[in-house]
Amino acid sequence: MSDKPGEQSYQSIAHTTRRELAGAFVAAPMAMTLQISLASAQSTPAAAPSLPSPVGVTINGRLYALSLDPRTTLIDLLRERLDLTGTKKGCDQGQCGACTVLMNGRRVNSCLVLAVMCEGAQITTIEGLGKGAQLHPLQQAFIDRDAFQCGYCTPGQICSAAGMISEGRARTADEIREAMSGNICRCGAYPNIVAAIQDVMGQS
Amino acid sequence: MITFEYARASDVPEALRLVAGDRAKFIAGGTNLVDLMKVDVERPTKLVDITRLPLSGVDRLQGGGVLVGALVRNSDLANHPLVQERYPVLASAIMAGASGQLRNMASTGGNVLQRTRCPYFYDTATPCNKRVPGTGCSAIDGFNRNNGILGTSASCIATHPSDMCVALAMLGAIVHVSSLSGDRQIPMADFHRLPGDTPNRDTNLESGEIITAVELPAVGYAANYTYLKIRDRMSYAFALVSVAAGLIVEGGVIKDARLALGGVAHKPWRNPAAEVALRGQPANTATFSGAADLLLRDAKGYGHNTFKIDLARRCISRALTQAARGTPQSQSNKKIL
Ligand SMILES: Cc1cc2nc3c(=O)[nH]c(=O)nc-3n(C[C@H](O)[C@H](O)[C@H](O)COP(=O)(O)OP(=O)(O)OC[C@H]3O[C@@H](n4cnc5c(N)ncnc54)[C@H](O)[C@@H]3O)c2cc1C
Ligand code: SF4
Ligand code: FES
Ligand code: FES
């Protein structure tokens with residue numbers, strides 16, 4: 001560790017806070033406990049428990065009336081409360097795109113959206129993209145083009161591609177690659193992902 | 001994330017009333033604030049949701065400028081016909097930043113107020129004067145590849161990470177602000193601060209103030225401009241160095257020049273002396289490298305980031321060349337010509 005002056009007092013602040021945070025730790029929903037266990041270095045005390053907030057949100061065509069801890073992110077609502085586990089959590093920091101869903105028709109990272117802010121919104125996840133048992137053309141094209149290996153990034157890739165196509169700006173392969181750069185694929189299926197998207201753009 | 005109270009405002013006065021109090025914060029796109037709350041760097045006890053405020057217009061002003069509402073989303077601003085036609089450097093800078101998803105969420109006001117990406121600022125296990133004043137700066141002798149080379153201080157060498165703000169600084173935009181005690185306007189050049197010995201303060205916005213709009217002046221440098229961004233990968237990464245350049249060239253001679261740098265300082269970096277020195281000069285390589293030398297005269301590297309001085313020098317020359325030729329950097333085809 002560094003021997004900078006101030007290091008000592010800094011660490012003792014961190015210790016106090018870790019203890020003070022215990023209350024918040026217990027109250028936190030499962031998915032967030034990991035974040036909270038990273039003890040904070042600020043000396044401000046933890047706040048009182050959050051009051052649940054009412055939220056009305058339409059997800060895949062179904063209206064939900066919910067009462068939520070305001071800390072709940074949209075991805076945690078989908079996965080932990082509503083069992084819509086098609087949406088994946090990769091980084092939880094906006095850096096990978098695995099959690100991409102459509103909010104009022106626009107692609108967003110559901111890990112950075114507070115669910116309480118979705119009041120009145122229409123959310124579409126990978127589960128709601130197709131019509132019943134009929135796959136969305138992008139889902140079919142990803143299968144036809146073998147546009148994945150492990151498949152973990154795929155729901156985010158497909159929702160992102162759906163949003164990108166309705167934005168209507170990307171045309172060339174370069175433009176598609178740039179417009180899809182918010183979706184990381186650790187398996188490196190990029191060439192086939194671009195091909196699948198081009199198939200669907202060619203059809204429409 | 002600590003617990004917080006959530007409130008929704010429907011107009012500016014209501015938002016200002018709701019935010020009164022020390023630890024309340026506005027939330028717009030949430031792409032920076034939620035991220036920082038998850039790692040306990042931001043710890044508001046109350047969030048005031050301003051996404052329903054009527055601040056989503058992009059309107060022409062008398063006198064030729066354009067007023068951009070604080071809640072206009074980054075993607076909508078970049079694609080707005082007025083911006084594409086009259087301020088293409090702004091559209092280009094926005095499209096060079098973040099991702100399609102993030103730009104759909106991020107707001108104009110939130111982008112201006114986004115916080116540094118210095119890795120130690122995010123890591124609550126390390127000292128950081130910006131996060132906890134008086135604890136020290138881990139970056140000065142640490143991993144500082146992303147940190148600043150201009151206007152740094154012994155307390156902090158962080159950079160402001162926004163691409164959009166580099167174009168706003170180049171254009172000479174004006175930030176419109178309201179509080180319970182009235183309205184004021186802050187030129188972009190005076191909006192962000194240098195770290196000095198108070199790096200905990202990023203900007204001159206006071207607590208209790210809200211950004212309502214950003215005003216773009218009449219001159220957009222739409223014929224001769226570029227936004228050149230260099231990063232560790234070709235897309236979806238913050239700038240190591242970026243340059244927004246705008247020129248007015250007549251018969252090969254520079255009549256007016258604007259230049260702002262990103263990724264190098266605690267604020268979008270402009271040096272009026274370098275712009276004055278370009279005026280009246282022939283638009284050629286010798287002139288451009290002279291301007292680059294002037295801009296970087298006081299640059300200081302900290303080890304991992306010392307390469308940025310040379311990189312910035314070349315970026316400035318290249319950006320001015322692109323602007324003079326009327327061949328702005330493409331943000332999809334990444335070839336730098
Ligand atoms: C993975 C990732 C990559 C990114 N890459 C880039 C990049 O390459 N280039 C780039 O420029 N940016 C990048 N960003 C940053 C992104 O541009 C910002 O997060 C975004 O612009 C912030 O806007 P927001 O509306 O979401 O702000 P919020 O998170 O809602 O708010 C940010 C801050 O501003 C305050 N605030 C918001 N609106 C107002 C207002 N009207 N008045 C007063 N206070 C207000 C909030 O209280 C908060 O403190 C990236 C972000 C992520 C997560
Ligand atoms: S450079 Fe600034 S933000 Fe980074 S560790 Fe030092 S004080 Fe903190
Ligand atoms: S989980 Fe949301 S972007 Fe990675
Ligand atoms: S298919 Fe495995 S991450 Fe993309």
Side-chain angles (χ1 to χ4, degrees), chain A residues 2 4-7 9-10 13-14 17 21 24 27-28 32 35-36 38-44 46-51 53 69-71 73 92-95 97 100 103 106-109 111-114 116-117 119 160 163-164 167 169-170 172 174-175 177-184, chain B residues 1-8 23 27 29-35 37-41 43-47 49 51-52 73 75 79 95 98-105 122-129 131-132 134-138 140-142 233-237 330-334:
Chain A
S2 97
K4 283 188 196 67
E7 177 84 350
S9 59
Y10 177 85
I13 295 173
T17 315
L21 264 173
M32 286 170 185
Q35 305 287 346
I36 286 168
L38 295 168
S40 156
Q42 263 96 342
S43 54
T44 40
S50 319
L51 293 173
S53 292
D69 183 319
R71 290 173 296 178
T73 53
D92 213 18
Q93 299 181 319
Q95 296 182 0
T100 305
M103 183 169 174
R106 294 158 64 112
R107 51 184 174 151
V108 300
N109 303 102
C111 69
L112 293 181
V113 175
L114 292 177
V116 280
M117 291 175 72
E119 171 67 34
S160 184
M164 183 206 74
E167 286 159 18
R169 289 188 187 85
T172 65
D174 272 345
E175 287 166 358
R177 270 191 283 273
E178 171 61 24
M180 289 295 294
S181 67
N183 293 82
I184 309 285
Chain B
M1 199 184 312
I2 65 162
T3 54
F4 59 85
E5 182 192 339
Y6 169 79
R8 216 173 269 140
R23 293 183 60 202
I27 183 163
T31 59
N32 192 227
L33 187 54
V34 173
D35 193 22
M37 285 167 65
K38 286 185 188 185
V39 291
D40 258 346
V41 171
R43 295 161 56 87
T45 50
K46 182 179 186 182
L47 283 189
D49 179 350
T51 53
R52 280 146 221 263
R73 303 292 169 160
S75 49
N79 292 315
M95 293 310 285
S99 67
Q101 292 94 315
L102 289 160
R103 293 189 297 265
N104 275 343
M105 306 158 77
Y122 266 75
D123 180 356
T124 55
T126 59
C128 166
N129 285 326
R131 182 167 26 77
V132 188
T135 53
C137 170
S138 299
I140 288 183
D141 297 319
R233 57 184 186 202
M234 294 221 284
S235 186
Y236 200 19
S330 159
Q331 301 303 351
S332 51
N333 178 338
K334 305 289 172 158

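Every chain is numbered from 1 and lettered A, B, ... according to where its sequence line falls, protein lines coming before strand lines. Atom set for the values below is all heavy atoms of this structure, side chains included, hydrogens, waters and symmetry mates excluded.
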So which of B:N79, B:L47, B:D35 has the biggest tally of heavy-atom pairs under 4.5 Å with chain A?
B:N79

Is the backbone N or O of B:R43 less than 3.5 Å from a side-chain atom of B:R23, with the two atoms forming a donor-acceptor pair by type?
yes

Please determine, by modelled atom types, if A:S181 and B:S235 share a side-chain donor-acceptor pair under 3.5 angstrom.
yes

Is it true that a side-chain atom of B:S138 and a backbone atom of B:P127 form a donor plus acceptor pair closer than 3.5 Å?
yes

B:T135 side chain to B:C128 main-chain N or O, any donor-acceptor pair under 3.5 Å?
yes

Does any heavy atom of chain A fall under 4.5 Å from the side chain of B:S330, the backbone, both, or neither of them?
neither

Most contacts with chain A, counted as non-hydrogen pairs under 4.5 angstrom, among B:N104, B:N32, B:N333, B:L33
B:N104

In terms of heavy-atom pairs under 4.5 Å with chain B, which of A:Q93, A:M103, A:R169 leads?
A:R169

Heavy-atom proximity to chain A below 4.5 Å, by part of B:T31
both

Side chains of B:T124 and B:D40: any donor to acceptor distance under 3.5 Å?
no

Answer with yes or no whether the side chains of A:R106 and B:S75 bring together a donor and an acceptor at under 3.5 Å.
yes

Quick check on the interface: out of B:R8, B:Q331, B:R103, B:M95, who has the most heavy-atom pairs with chain A under 4.5 Å?
B:R8

At a 4.5 Å cut-off on heavy atoms, which part of B:I27 comes close to chain A: side chain, backbone, both, or neither?
both

Side chain, backbone, both or neither of A:R177 within contact of chain B (heavy atoms, under 4.5 Å):
neither

Using non-hydrogen atoms and a 4.5 Å limit, figure out which bit of A:E167 sits close to chain B: side chain, backbone, both or neither.
side chain

Between B:S332 and A:D174, is there a donor-acceptor pair closer than 3.5 Å when you use the side chain of the first and the backbone of the second?
no

What part of B:M37 gets within 4.5 angstrom of chain A, counting heavy atoms only: side chain, backbone, both, or neither?
neither

Do you know which of B:G29, B:G30, B:A98, B:G100 has the most heavy-atom pairs with chain A at a distance under 4.5 angstrom?
B:G100

Return the option, out of A:M164, A:E175, A:M117, A:M180, with the maximum number of heavy-atom pairs under 4.5 Å with chain B.
A:M117

Which heavy-atom pair separates A:G94 from A:C111 by the least distance, and what is that distance?
N-SG, 3.4 Å

